[in-house]
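Report on the structure given below.
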There are 2 protein chains.
Amino acid sequence: MSSGRHSPRTATRPLEEGTPTQRAIARAARELFERSGYEGTSVREIAAAAGVDAALVIRHYGSKEELFVRVIGFDEHFAPQLDGPLELVGTRLADYVLDPTHDRMRRTLTALLYASDHQNVRTDLQATMRRLLVDRLSARMHGADTVLRAWLVSAQLLGLVHSWDAVDTDHATAAQRTHVANLYGAAIQQLITPPT
Amino acid sequence: MSSGRHSPRTATRPLEEGTPTQRAIARAARELFERSGYEGTSVREIAAAAGVDAALVIRHYGSKEELFVRVIGFDEHFAPQLDGPLELVGTRLADYVLDPTHDRMRRTLTALLYASDHQNVRTDLQATMRRLLVDRLSARMHGADTVLRAWLVSAQLLGLVHSWDAVDTDHATAAQRTHVANLYGAAIQQLITPPT
DNA sequence: GTCTATACGCCGATAGAC
DNA sequence: GTCTATCGGCGTATAGAC
C-alpha cells in the first residue's frame with residue numbers, strides 16, 4: 001500500500017547507510033528477524049532493541065514488511081560454488097546450503113521462505129535467487145532452456161533448505177551432511193548438465 | 001500452549017465430524033484458508049462465514065493454528081503416481097503437482113508451505129508428506145537410504161510447488177507444464193532410481 | 001453442553017504536537 | 001526528526017445466558 005520507493009536493494013547496504021538511528025533500527029531488525037523469524041518479531045521489539053520508539057521504525061521504513069525485505073537481503077553467496085567446475089556445481093551448491101559454517105545465510109534464506117505468506121517477500125526472494133543464482137548459473141549452462149533449468153535448480157535448493165530444519169532436529173553429523181549433499185547434488189546436477 | 005489433544009488427523013475428516021456448527025466452522029475455515037492463506041484469513045472472518053461468534057471457533061478448536069492444521073490436511077494424493085512404473089514416478093509426481101486439474105491439492109500444499117513460520121504447521125506438513133509420499137515411496141525403492149532419498153524427493157516437490165506460483169504469473173500452457181514436468185521429473189528420478 | 005457478549009492485551013500503523 | 005497519543009483489528013479468555 002505505502003508505495004515507498006526504495007532503490008534496488010544491494011546486499012546488506014541498508015545496515016550501513018542513513019542516520020545512526022536508521023542503522024540502529026536496521027541492525028536490530030536484521031538480528032531479530034534472523035533469530036525469531038518474521039511473525040516472531042514485533043515492530044515494538046525491534047524499536048526497543050534499537051532504543052527508539054516503535055512509530056519511528058514505521059516512519060523510516062514504511063511498514064514491517066518493507067523493513068523485512070530491506071534488511072534480510074544477503075550478500076553475494078553461491079558465487080564461488082557457481083564458478084567452479086560445472087560438473088560439480090550441483091553437489092557444491094547442496095553442500096553449501098547445508099554447511100553449518102554458513103548458518104547465517106541459511107537462517108536468512110529460511111526466514112524468507114517461512115515468511116512467504118507475504119507476497120512482497122515472495123517477490124523479493126525470487127529477485128534474490130535470480131540475482132545470486134539464476135543469472136550466473138544459466139550463463140554457464142549449455143543446451144536448451146538454460147534459464148528455466150536454472151530456475152528449477154533454485155527451486156530444488158529452496159526445497160532442500162525448507163525441509164532441512166525438520167530433518168536436522170538433533171543436528172546431523174558432518175558425514176551425514178556430506179552424504180545428503182552428494183545425493184541431492186546429483187539430482188541438481190541432472191538439471192545443470194543432463195546426460196546426453 | 002492450550003494442550004488440546006486431537007487424534008491423529010485423517011484426511012478431511014474434521015469437515016464431516018462433530019456437531020453441525022463444528023462442521024460449518026471447519027468447512028468455512030478450509031475454504032477461506034485455501035483461498036486467502038493463513039495470515040490472510042482471520043478467525044472473525046471464519047466465524048462470520050460459519051454464522052457463529054468468533055469466540056466459539058476458539059472454544060471448539062483451541063486456537064487458529066490448531067484449526068488450520070486440522071482442516072487444511074488433504075486426502076490421499078500421490079498414491080496413483082507412486083504405484084505406477086517406478087522409472088516414471090519422478091515425472092508423474094512433477095506432472096501431478098503442476099497439473100491445474102489438481103488445483104485444490106496445490107492450493108492446500110501452498111497454504112501449508114506459506115504458513116511455515118508456525119512450527120506446528122511445519123510439523124504437520126512433514127507428517128503429511130511422510131504419510132502420503134515418503135512411506136509409500138521408500139517401500140518401493142531399492143538400494144541404500146531409501147527413506148532418506150524419499151525425503152529428498154519430498155523436498156524437491158515442495159520446492160517446485162513453492163516456486164511455481166512465481167513462474168506461473170501468466171498461466172503457463174499445457175505444453176510448457178509438460179516440459180517442466182519432464183525436466184524436473186528427471187531430477188527427481190535421479191533420487192528414486194539412480195543410474196548404476 | 002452450546003453459544004453469545006464482552007473484554008483483555010497485543011499488534012501494525014497513523015496524526016499531530018514538539 | 002522524534003515522541004505521544006491513539007486507532008482499528010487481531011487472537012484469545014471468560015462469564016454467563018439459553
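Each chain gets a letter, A, B and so on, in the order the sequences are listed, and its residues count up from 1. All figures in this text were calculated on a predicted structure; none of them were measured in a lab.
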To the nearest Å, give me how far apart [atom1] ([X]) and [atom2] ([N]) are.
{"X": "A/I25", "N": "D/dG1", "atom1": "CD1", "atom2": "C1'", "answer": "11 Å"}
{"X": "A/Y61", "N": "C/dG12", "atom1": "OH", "atom2": "C1'", "answer": "17 Å"}
{"X": "B/D53", "N": "D/dG16", "atom1": "CG", "atom2": "P", "answer": "17 Å"}

> Taking only residues at least two apart or on different chains, which pairs with a member in residues 139-157 of chain A satisfy salt bridge (Lys or Arg N to Asp or Glu O under 4.0 Å)?
Replying inline: none
Ionic contact status for [Y] with [X], cut-off 4.0 Å:
{"X": "A/R131", "Y": "A/E76", "result": "yes"}
{"X": "A/R106", "Y": "A/D103", "result": "yes"}
{"X": "B/R35", "Y": "B/E31", "result": "yes"}

> Hey, does the side chain of A/S36 reach the backbone of A/F33 with a donor-acceptor pair shorter than 3.5 angstrom?
Replying inline: no
> Got a donor-acceptor contact below 3.5 angstrom from the B/Q81 side chain to the B/T91 backbone?
Replying inline: no
> Which part of the nucleic acid, if any, lies within reach of A/T21 when heavy atoms closer than 4.0 Å are counted: base, sugar-phosphate only, or nothing?
Replying inline: sugar-phosphate
> Considering only C/dC3, C/dT4, D/dC3, which nucleotide approaches the side chain of A/R59 most closely?
Replying inline: D/dC3
>> At under 4.0 Å between heavy atoms, how does the protein contact nucleotides 6-12 of chain D? Give one character per nucleotide, 5' to 3', with B, S or -.
In response: ----BBB
>> Measuring to OP1 and OP2 of D/dT2, would you say a side-chain N or O of A/H60 lies under 4.0 angstrom away?
In response: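 Answer yes for this pair, as a side-chain N or O of A/H60 is under 4.0 Å from OP1 or OP2.
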